[in-house]
Amino acid sequence: MELAYIPSPSSGVLYLGPVPLRGYAFCIIIGVFVAVWLGNKRWIARGGRAGTVADIAVWAVPFGLVGGRLYHVITDYQLYFSEGRDWVDAFKIWEGGLGIWGAIALGALGAWIGCRRRGIPLPAYADAIAPGIAIAQAIGRWGNWFNQELYGRETDLPWAVEITSSADGRMPGTYHPTFLYESLWCIGVALLVIWADRRFNLGHGRAFALYVAGYCAGRFWIEYMRVDEAHHILGLRLNNWTAVLVFLLAVLYIVLSARKRPGREAVVEPGAGDGEGPAADAKTADGKTTDGDATEKDASAEEASAEDAATDDATDTGDSGNPGKLDKPGKLDKSGKPEASGEPEAAEEPEESRDGAGSAKKA
């Protein structure tokens, strides 16, 4: 008898009056919002404009949903096109079934279109949103819990998930909650990417490649635990082989990119730092002055010019008042006039003094 387990919801749909709220779709929507929010903060920190991540997400998210559904339908075609199945179910995305490999591949195509329209390098954008994508996956995996799907082998562990549905060949019981394992793993990957990005100053797509490699490493062992129907190649599930291949490609990209383009992009969004917004009125981090400082400097220069002009006028006035005599230059007071000398002027000597000592004796 199980002492504890994670209960599954009796239904994956909640109704607000006539409006159905499906848990699977709700988790995906929340994940998208979190990814855009975190990506926006990281994009601004890299020197981009606020709102750019959301604008490009308008292209990336729809492409990603279509790509994820296509991958799932193609790799699990028997669920929709075999005998007794209705092919229309392939369009019912709210019932579950998104392949992350197709979602990332086609989502990257949509992001590339959005980046190209704004003149933004795709690798820089991918680096900014990488941790957000991992967290979105962590949230989205709980949609599998609402649908009672993608669980592992039977277990009596305290954190086992209870499956109560018997639809589509399910057997009620307690199983490894692979959705929970992958959710926790994705959170760990997001933290790893954030730490490594700060520690090693990752750029040119290497933060995104690290996310891909980290996710693939976890997906391999989690996929190995699953017991749902899947295609096998040489004893391994198709997604295991996909995880291995993508992991190797991601690691190879990190190595080659670090050699060819070390460091991080200096500019991620053209024109983002050209004096728009409040940031243009403050001093920049590298000590350069801004428009406000330049205005103060111009005012100081004008005051200095006015003082020089006053000095010249005062000098001219002194010369014209005493023609033929060159006044000794002196200091000016605040009004621009020459300051009075502190030395008393010598009194004119009397005639007797000028006659000399001999004249004085005659008396």
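The structure displayed is predicted, hence computed values, not measured ones. These values consider heavy atoms only, across backbone and side chains, with no hydrogens, waters or symmetry-generated copies.
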- From Ile194 CD1 over to Arg198 CZ, what is the distance, rounded to the nearest 0.5 angstrom? 6.5 Å

- Item | Exercise: identify the closest heavy-atom pair between Glu269 and Arg49 | OE1-N, 2.7 Å

- Query: What pair of heavy atoms forms the shortest contact from Ala111 to Tyr125, and how long is it?
  - Reply: CB-CE2, 4.1 Å

- Query: Taking atom CG of Asp86 and atom CZ of Phe81, what is their separation to the nearest 0.5 Å?
  - Reply: 10.0 Å

- Query: So, Asn239 versus Tyr71: side-chain donor-acceptor pair below 3.5 Å or not?
  - Reply: yes

- Is the count of non-hydrogen atoms from other residues, nucleotides or ligands lying under 6.0 Å from Phe91 atom CZ greater than 12? no

- How long is the gap from CD1 on Ile104 to OH on Tyr211, to the nearest 0.5 Å? 3.5 Å

- Side-chain donor or acceptor of Arg153 paired with backbone N/O of Val227 under 3.5 Å: no

- Message: I want to check something: taking the side chain as every heavy atom from C-beta on, are Tyr5 and Tyr175 in contact at a cut-off of under 4.5 Å?
- Response: no

- Heavy atoms only: give me the nearest Ala207-Leu202 pair and the separation to one decimal. CA-CD1, 3.9 Å

- Query: Considering only heavy atoms from C-beta outward, does the side chain of Ile120 approach that of Trp43 to under 4.5 Å?
  - Reply: yes

- Query: Looking at Asn147 and Arg170, what are the two nearest heavy atoms and their distance?
  - Reply: O-NH2, 3.3 Å

- Task: Would you please indicate yes or no on a ring centroid separation below 6.0 angstrom for Tyr77 and Trp87?
- Result: no

- Item | Donor-acceptor pair, side chain of Thr174 and main chain of Asp156, under 3.5 angstrom | no

- Task: Using ring pair (Phe, Tyr, Trp, His ring centres under 6.0 Å) as the criterion, point out the one residue from Trp159, Trp142, Phe146 that pairs with Phe179.
- Result: Trp142

- Task: State, yes or no, whether a side-chain contact exists between Arg141 and Asn144 at a heavy-atom distance under 4.5 Å.
- Result: yes

- Query: Roughly how far, to the nearest 0.5 Å, is the CZ atom of Arg199 from the CG atom of Leu192?
  - Reply: 13.0 Å

- Task: Examine Leu245 and Trp221 and state if one hydrophobic cluster contains both, with Ile, Leu, Val, Met, Phe, Trp and Tyr joined whenever side-chain heavy atoms are less than 4.5 Å apart.
- Result: no

- Task: Group every Ile, Leu, Val, Met, Phe, Trp and Tyr by side-chain heavy-atom contacts under 4.5 Å, then state whether Ile93 and Val73 land in the same group.
- Result: no

- Note on the structure: Between the CG atom in Leu238 and the CD atom in Glu223, the distance rounded to the nearest 0.5 Å is 8.5 Å

- Taking a hydrophobic cluster as the set of Ile, Leu, Val, Met, Phe, Trp and Tyr residues connected by side-chain heavy atoms closer than 4.5 Å, whether directly or through intermediates, do Phe26 and Val34 fall within one such cluster? yes

- Message: Tell me the closest heavy-atom pair linking Ala35 and Ile133, and the distance in Å.
- Response: CB-N, 4.2 Å

- Task: Apply side chain to side chain donor-acceptor pair (under 3.5 Å) to the pair Tyr24 and Glu149, showing each step before the final yes or no.
- Result: CA-CA 11 Å; Tyr24 187 87; Glu149 60 185 2; 5.2 Å; no

- Message: Check the orientation of Phe220 and Tyr224. Use parallel for under 30°, tilted for 30 to 60°, and perpendicular for over 60°.
- Response: parallel

- Note on the structure: Distance col, row Leu249:CG vs Cys216:SG, nearest 0.5 angstrom, shows 9.0 Å

- Task: Please say whether more than 12 non-hydrogen atoms of neighbouring residues, nucleotides or ligands are located less than 6.0 Å from OH in Tyr80.
- Result: yes

- Item | Beyond-backbone contact of Ile163 with Met171, side-chain heavy atoms, under 4.5 angstrom | no

- Message: Taking the side chain as everything from C-beta on, heavy atoms only, tell me whether Trp241 gets closer than 4.5 Å to Leu234.
- Response: yes

- Going through the distances and angles, do Val212 and Tyr253 end up as a side-chain contact (heavy atoms from CB on, under 4.5 Å)? CA-CA 11 Å; Val212 172; Tyr253 179 87; over 6 Å; no

- Message: Assess whether a salt bridge exists between Arg46 and Asp197, defined as any Lys/Arg side-chain N lying under 4.0 Å from an Asp/Glu carboxylate O.
- Response: yes

- Message: Determine whether a donor-acceptor pair (N or O, by modelled atom type, separation under 3.5 Å) exists between the side chain of Trp59 and the backbone of Leu109.
- Response: no

- Message: Run the side-chain contact (heavy atoms from CB on, under 4.5 Å) test on Asn240 and Arg226 for me, step by step, so that the C-alpha distance in whole Å, both residues' side-chain angles and the decisive distance to 0.1 Å come before the verdict.
- Response: CA-CA 11 Å; Asn240 283 116; Arg226 284 169 51 173; over 6 Å; no

- Item | Side-chain heavy-atom pair Tyr215, Glu182 within 4.5 angstrom cut-off | yes

- Query: Do Thr75 and Thr242 come within less than 4.5 Å of each other through their side chains, counting heavy atoms only?
  - Reply: no

- Message: Using only atom types and a distance under 3.5 Å, with no angle test, would you say the side chain of Gln137 pairs donor to acceptor with the backbone of Gly31?
- Response: no

- Kindly work out whether a path of hydrophobic side-chain contacts (I/L/V/M/F/W/Y, heavy atoms less than 4.5 Å apart) joins Val268 to Leu38. no

- Message: Using side-chain heavy atoms (C-beta onward) and a distance below 4.5 Å, is Val53 in contact with Arg42?
- Response: no

- Of all heavy-atom pairs between Ala190 and Pro131, which one has the smallest distance, and what is that distance? CB-O, 3.6 Å

- Task: Before giving the answer on side-chain contact (heavy atoms from CB on, under 4.5 Å), spell out for Leu98 and Arg69 the whole-Å C-alpha distance, their side-chain angles and the decisive distance to 0.1 Å.
- Result: CA-CA 5 Å; Leu98 287 175; Arg69 189 60 175 178; 4.1 Å; yes

- Would you kindly confirm whether Ile56 and Val267 end up in one hydrophobic cluster when ILVMFWY residues are joined by side chain heavy atoms under 4.5 Å apart? no

- Return yes if some donor-acceptor pair links the side-chain N/O of Trp101 with the main-chain N/O of Ala243 below 3.5 Å, else return no. no

